[in-house]
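Scroll down for the structure; my scribbles are underneath it.
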Amino acid sequence: MSWFQSLFSNDIAIDLGTATTLIYIKGRGIVSREPSVVAVQVDARGQRRVLAVGKDAKEMIGRTPQGIEAIRPMQGGVIADFEITEAMLRYFINRANSKRTLVRPRVIVCVPCGITDVEKRAVRESAESASAREVFLIEEPMAAAIGAGLPIAEPAGNMIVDIGGGTTEVAVISLAGIVHSHSLKVGGDRMDQAIVDHLRRKYNLLIGERSAEQIKLRIGNAWGSPGMASMEVKGRDVGAGVPRTVVVGADEIREALAEPLGEIVRAVRGALERTPPELSADIVDKGVVLAGGGALLTGIDQLLREETGLPILIADDPVSSVVKGAGMALDDPDLLRHVAIR
Ligand SMILES: Nc1ncnc2c1ncn2[C@@H]1O[C@H](COP(=O)(O)OP(=O)(O)OP(=O)(O)O)[C@@H](O)[C@H]1O
Ligand SMILES: [Mg+2]
């Protein structure tokens, strides 16, 4: 019966991230994983028409002529532009589901810890206006912990650190509840900005956020090791205004990232200080699990290991932990009842 039902199942889980939006459809798994970016054409009356969504739109960031805008509708983990967020979701869902129609689906949306009631209502309403029958909200660190395979329902402490594009969330979970959580507006975007600032200061070179992210992906690191790479970076000279190329090393990028990384380390330490002793003891044994795209920064596990003295593990495929966990909750009504926020 459950196999039969899953054929017609409409249930979906959505991780609406600042950087990446992932969609999971029950019975099918992750059906979409794309940058949260929408390119629009703005006409003389200010009307916006969608030109591209996801990867194609991300390519356009910093490269658009007048009249075209590449918008990131999610900022700091919450919806900053409603209309565009809805258009983006509709696009991803329809494309994933072109042959079938979702008839009034049940929808789980993952939200950052500690978002306001107004923000929660906004998320519900946008899912409902996209024809959801029932909307459940799950806190992202809870979903990430489930997705990373942590035994969240046991009476034992689990610590999860989700380093996303806009935010980092640190949470301690026990008995399917969040015992302590802290969200800071530091993540991959701040790291990219730190790289932009570094190149301007040291080389008088202006680069865009896309290039900064490329540098981070290629040679970004949180912990040095001998023989790390360097790369050529192209940008515009601040003084002369002409294009110029400089060679940038992994060591200086690590130094440029020290400030945002320091804030993440402090947040993890702060959470450990606020954790009740029995749960701390569990975390000492089991370690801390890292999720989110930031967990892929080279050496971030080593940095946290040195700074906390705890075992640090990286979830496998950390970018998908949240949506995977929400998908698992869709498949398990008991679990969903426990972890959904009222
Ligand atoms: N290999 C990598 N090294 C460093 N950073 C990476 C790597 N891969 C992805 N990232 C960064 O991870 C961030 C995106 O992570 P993720 O998709 O988890 O964010 P998000 O869930 O959309 O954001 P949020 O949870 O804050 O709303 C981006 O800043 C991206 O540059
Ligand atoms: Mg996220």
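Residue indices begin at 1 and follow the sequence shown. Values reported hereafter were calculated over all heavy atoms of this structure, with side chains retained and with hydrogens, waters and symmetry mates removed.
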Evaluate the criterion side chain to side chain contact (heavy atoms under 4.5 Å, CB included) for residue pair E263 and R190; output intermediate values, then yes/no.
CA-CA 11 Å; E263 289 193 43; R190 273 281 301 280; 3.0 Å; yes
Taking it one step at a time, do D43 and R49 satisfy side chain to side chain contact (heavy atoms under 4.5 Å, CB included)?
CA-CA 8 Å; D43 70 16; R49 189 169 64 86; over 6 Å; no
For V53 and E34: C-alpha separation, side-chain torsions, deciding distance, then whether side chain to side chain contact (heavy atoms under 4.5 Å, CB included) applies.
CA-CA 9 Å; V53 186; E34 292 261 355; over 6 Å; no
Before you tell me yes or no, could you show the steps for V233 and I207 under side chain to side chain contact (heavy atoms under 4.5 Å, CB included), namely the whole-Å CA-CA distance, both residues' side-chain angles and the distance that decides it to 0.1 Å?
CA-CA 9 Å; V233 175; I207 61 165; 3.9 Å; yes
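Linking ILVMFWY residues whenever their side-chain heavy atoms come closer than 4.5 Å, directly or via other members, leaves L217 and L303 in distinct clusters. Follow the hydrophobic side-chain contacts under 4.5 Å out from V111 and you reach L16 in the same cluster. Linking Ile, Leu, Val, Met, Phe, Trp and Tyr whenever their side-chain heavy atoms come within less than 4.5 Å leaves L150 and M159 in two separate clusters. A continuous path of ILVMFWY side-chain contacts below 4.5 Å connects V288 to I300, so both sit in one hydrophobic cluster. If you chain together hydrophobic residues whose side chains sit under 4.5 Å apart, V284 and V161 fall into the same group.
Between F82 and S126 the shortest heavy-atom distance is CE2-CB, 4.0 Å. Pairing each heavy atom of A267 with each of H182, the nearest pair is CB-CD2, 4.0 Å. Of all the heavy atoms in C113 and S183, the pair that sits closest is O-CB, 4.4 Å. Considering every non-hydrogen atom in both A250 and N221, the closest pair reads O-ND2, 3.0 Å. Residue L297 comes nearest to A222 through the heavy atom pair CD2-CB, 3.9 Å, listed as atom of the first residue, atom of the second, then distance. Across all their heavy atoms, F136 and A340 have their closest contact at CD2-CB, 4.1 Å.
Contact annotation: the side chain of V42 never approaches that of I68 to less than 4.5 Å [non-hydrogen atoms, C-beta and beyond]. With contacts defined as side-chain heavy-atom distances shorter than 4.5 Å, the pair D81/I79 does not qualify. Looking at heavy atoms from C-beta onward, V172 lies out of side-chain contact with I178 at the 4.5 angstrom threshold. Annotation: side chain of I152 is not in contact with side chain of H338 (no heavy-atom distance under 4.5 Å). Between L272 and T308, some side-chain heavy-atom pair lies under the 4.5 Å cut-off. For the pair I341 and K120, the minimum side-chain heavy-atom distance is below 4.5 Å. Taking 4.5 Å as the limit, some side-chain heavy atom of V38 sits within range of a side-chain heavy atom of M88. In this structure the side chain of M191 never reaches within 4.5 angstrom of the side chain of E259, judged on heavy atoms.
No side-chain donor-acceptor contact under 3.5 Å links R106 to the backbone of R133. A distance-only check finds no donor-acceptor pair linking the side chain of T20 to the backbone of G17 [under 3.5 Å]. Using modelled atom types, one side-chain atom of D282 and one backbone atom of G157 make a donor-acceptor pair closer than 3.5 Å. Side chain of D162 to main chain of I160: no donor-acceptor pair is present (N/O by atom type, distance under 3.5 Å, no hydrogens or angles). In terms of modelled atom types and a separation under 3.5 Å, the side chain of R269 and the main chain of E307 share a donor-acceptor contact. The backbone N or O of D56 sits nowhere less than 3.5 Å from a side-chain atom of E59 that would complete a donor-acceptor pair. At least one donor-acceptor pair closer than 3.5 Å links the side chain of T18 to the backbone N or O of G77. Of the possible donor and acceptor atoms, none in the side chain of S32 sits under 3.5 Å from a partner among the backbone N and O of L22. Using modelled atom types, no side-chain atom of R200 and backbone atom of L206 make a donor-acceptor pair closer than 3.5 Å. Of the possible donor and acceptor atoms, none in the side chain of Q302 sits under 3.5 Å from a partner among the backbone N and O of W223.
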Residues 236-247, side-chain donor-acceptor partners within the protein, below 3.5 Å, at least two apart:
from, atom 1, to, atom 2, distance (Å)
D237, OD1, G239, N, 2.9
D237, OD1, A240, N, 2.7
D237, OD2, R244, NE, 2.7
D237, OD2, R244, NH2, 3.0
R244, NH2, Y203, O, 2.3

Side chains of residues 315-325: which donor-acceptor pairs under 3.5 Å do they make with residues two or more places apart or in other chains?
from, atom 1, to, atom 2, distance (Å)
D317, OD1, R33, NH1, 3.4
D317, OD1, R33, NH2, 3.1
D317, OD2, R33, NH1, 3.0
D317, OD2, S320, OG, 2.8
S320, OG, D317, O, 3.1
S321, OG, P318, O, 3.3

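No salt bridge links E69 with R48; every basic N to acidic carboxylate O contact stays at or beyond 4.0 Å. Classification of K216 and E209 as a salt-bridged pair fails, no side-chain N sitting under 4.0 Å from a carboxylate O. Salt bridge present: E213 and R210 bring a charged side-chain N and a carboxylate O closer than 4.0 Å. Look at R90 and E86 and you find a salt bridge, because one of the NZ, NE, NH1 or NH2 atoms lies within 4.0 Å of a carboxylate O, short of that distance.
In this structure, L313 CG and L310 CG are separated by 10.5 Å, a value rounded to the nearest 0.5 Å. Distance check: I215 CD1 to E232 CD gives 11.5 Å after rounding to the nearest 0.5 Å. Interatomic distance, E169 CD to E139 CD, rounded to the nearest 0.5 Å: 8.5 Å. Note that the CG atom of D285 and the OG atom of S280 stand 11.0 Å from one another [nearest 0.5 Å]. The CG atom of L335 sits 8.5 Å away from atom CE of M142, with the distance rounded to the nearest 0.5 Å. Distance CD/Q75 to OG1/T167: 11.5 Å, rounded to 0.5 Å.
When the side chain to side chain donor-acceptor pair (under 3.5 Å) test is applied to T85, no partner is found at least two apart in sequence or on another chain. Checked against side-chain contact (heavy atoms from CB on, under 4.5 Å), R218 has the following partners two or more places apart in sequence or in another chain: M231. Annotation: side-chain contact (heavy atoms from CB on, under 4.5 Å) contacts of P151 (sequence neighbours excluded): E154, N158, K286. Applying the side-chain contact (heavy atoms from CB on, under 4.5 Å) test to P276 and every residue at least two apart in sequence or in another chain returns V179, L279.
A donor-acceptor pair shorter than 3.5 Å can be found between the side chains of S36 and T21. Side-chain contact, H198 with E252: a donor N or O sits under 3.5 Å from an acceptor N or O. Q193 and D197 share a side-chain donor-acceptor pair at under 3.5 Å.
For E128, the CD atom counts as densely surrounded, since its 6.0 Å shell holds more than 12 non-hydrogen atoms of other residues, nucleotides or ligands.
Under the side-chain contact (heavy atoms from CB on, under 4.5 Å) test applied with I108, the options V339, I14, I138, L137 reduce to a single match, I138.
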